Visitor: 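Following this message is one structure expressed as structure tokens.
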Amino acid sequence: RLPEPFTVPLPLPPVLAPVSRDATTDYYRITARPADVTVLPGYSTRIWGYNGVFPGPTVVSDRSRRTVVTHRNELPVPMVVHLHGGHVPEDSDGYPTDLLYPVGDSGQMIGMPGMAAHSDPLAHTAIGERDYSYPAGQPAATLWYHDHRMDYTGPAVWRGLAGFHLVTDEHESRLGLPTGDRDLPLLLADRAFDAQGAFSYPAPEPMRSPQPGATGRFERGVLGDVVLVNGAPWPLHRVATARYRLRLLNGSNARVYRLRFDRAGGAVPLVQIGSDGGLLTGPEELAELTIAPGERYDVVVDFSGCAVGDRITVHNDLGAGTTTRVMCFEVTDRVTDTSTVPDRLAAVETLDRSAAVTTRRFAFRRGTDGAASGWLINGRAYDPGTPIARPALGQVEIWQLWTDLDHPIHLHLNQFQVLSRNGGAPARTDRGWKDTLYLTATGTAEIAVRFTDYAGRFVLHCHNLEHEDMAMMATFTTLAG
Ligand code: C2O
Ligand code: CU
């Protein structure tokens with residue numbers, strides 16, 4: 001039995017404390033393990049969680065300090081952790097074949113048949129634990145981390161392997177934006193459950209062809225009928241008459257939301273202050289917001305005009321039935337708010353089209369590549385061995401993205417800027433530094449990107465996780481300039 005919407009309190013993921021610190025670096029430990037938690041009231045649900053919770057603990061990094069996370073694998077399967085939106089070297093990026101085998105695995109999983117990831121000669125693999133190092137220097141932004149294992153990302157994230165990683169900096173903290181318990185990370189994810197309250201992932205694992213039925217029945221990816229925010233179904237959160245900063249993250253496998261905040265029939269405006277890669281130059285008022293898997297929107301919502309007792313409901317206008325609602329805020333306290341949203345938030349460099357040295361074209365389409373038929377990039381299924389592009393570090397490039405159906409397209413290593421959509425102007429919500437761009441059916445976009453600092457192997461892919469697992473992913477190799 002599903003709970004009534006807006007009865008379960010909104011959980012906030014725990015903020016992870018460092019295990020140690022030195023002059024330059026904060027050190028953390030995260031153990032991925034199975035755990036039994038309450039998702040639906042009255043039921044126990046087996047998850048795979050970072051430190052046994054879903055969402056995983058929130059890592060908060062300061063821009064001026066390096067962050068090292070020791071990842072430990074106590075799952076029954078290999079894993080690999082990607083910091084989504086992080087500007088990090090290839091050996092800490094979580095390349096899909098860089099498997100971390102479970103603690104105590106003495107090789108029985110290594111070479112397991114049917115797992116393509118085991119046979120990549122360039123992979124950096126380890127057993128039990130390994131350190132991932134995230135350099136200092138990235139501006140304040142809402143990042144997240146999640147599993148990225150080749151062919152199995154969809155079911156692994158569905159089981160709970162996702163969490164926030166926030167970067168803060170001095171500039172942002174001086175702006176006067178809402179902070180503390182008025183700065184809320186919100187991870188949206190839909191799930192389906194069986195009658196015992198267990199997560200039910202209906203697709204075959206892996207979904208790569210020639211698995212029967214993969215592309216047909218799950219062509220659009222795996223959807224659930226329960227909308228979770230921070231792991232709770234349609235939660236309720238009590239707020240004061242003040243501004244709140246909401247760091248919206250779509251951590252769903254495949255569901256796209258169009259969010260609208262509503263108070264007794266009237267829309268409550270959202271003021272966008274940040275995008276995937278950090279703050280915008282200035283705030284942008286929006287009536288609604290479309291958010292696709294992998295994307296983040298940092299918005300401020302002002303409840304100061306509300307009365308105690310008011311309820312503000314978050315609707316999903318792309319949903320149907322149980323997925324039309326997301327969560328609810330209830331105003332319970334009258335306070336004096338001293339937060340502000342300044343007109344000027346950050347200096348954002350503009351990547352200039354005329355500076356581009358290369359234009360590349362990537363078609364995200366269904367097709368057939370040898371024995372593989374499914375979701376492809378430029379007609380090819382994901383193959384770790386063969387890069388699709390070799391961009392030089394430091395150069396601006398224009399990448400043209402083409403899609404047959406809806407695909408949220410994600411690049412590792414650097415954020416990009418949107419130059420055009422469907423031959424015209426970018427959308428209002430395309431401003432700032434993006435790392436995931438949602439294109440709808442037969443769409444095109446041009447983005448400007450400049451890869452910097454780290455030579456090596458990275459990926460671009462569709463962030464519909466089932467599309468990604470069905471091979472809509474490609475390697476690009478950055479070359480030192
Ligand atoms: Cu959020 Cu390559 O992934
Ligand atoms: Cu896709």
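First listed ligand is number 1; within each ligand, the first listed atom is number 1. What you see is a predicted model; the values in this text were computed from it and never measured. Along the sequence shown, residues are numbered consecutively beginning with 1.
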Visitor: Within 2.8 Å of atom 1 (Cu) of ligand 1, is there any N, O or S atom belonging to H410?
Guide: no
Visitor: Look at the side chain of N250 and the backbone N and O of R255, then say whether any donor-acceptor pair between them is shorter than 3.5 Å.
Guide: yes
Visitor: Kindly give the atom name of the N, O or S atom of H146 closest to atom 1 (Cu) of ligand 1.
Guide: NE2
Visitor: Determine the minimum heavy-atom distance between R365 and M472, stating which atoms define it.
Guide: N-CE, 3.5 Å
Visitor: Give, rounded to 10 degrees, the angle between ND1 (H467) and SG (C462) as seen from the Cu ion (ligand 2).
Guide: 130°
Visitor: Using a 3.5 Å distance criterion without hydrogens, assess whether the side chain of R296 forms a donor-acceptor pair with backbone atoms of G294.
Guide: yes
Visitor: Indicate whether any N or O donor in one side chain lies under 3.5 Å from an N or O acceptor in the other, for T153 and H146.
Guide: no
Visitor: Any side-chain heavy atom of S275 within less than 4.5 Å of one from R431?
Guide: no
Visitor: Can you name the N/O/S atom of H412 that is nearest atom 2 (Cu) of ligand 1?
Guide: NE2
Visitor: Tell me which N, O or S atom of H407 sits nearest to the Cu ion (ligand 2).
Guide: ND1
Visitor: Restricting to N, O or S atoms of H461, which is nearest to atom 2 (Cu) of ligand 1?
Guide: NE2
Visitor: What pair of heavy atoms forms the shortest contact from F476 to H412, and how long is it?
Guide: CZ-O, 3.5 Å
Visitor: What N/O/S atom of H84 is the closest to atom 1 (Cu) of ligand 1?
Guide: ND1
Visitor: Please confirm if an N, O or S atom belonging to H463, backbone or side chain, lies less than 2.8 Å from the Cu ion (ligand 2).
Guide: no
Visitor: Mind listing the closest non-hydrogen atom pair of D430 and A427 along with its distance?
Guide: OD2-N, 2.7 Å
Visitor: Verify the distance test for H463 against atom 2 (Cu) of ligand 1: any N/O/S atom under 2.8 Å, yes or no.
Guide: no
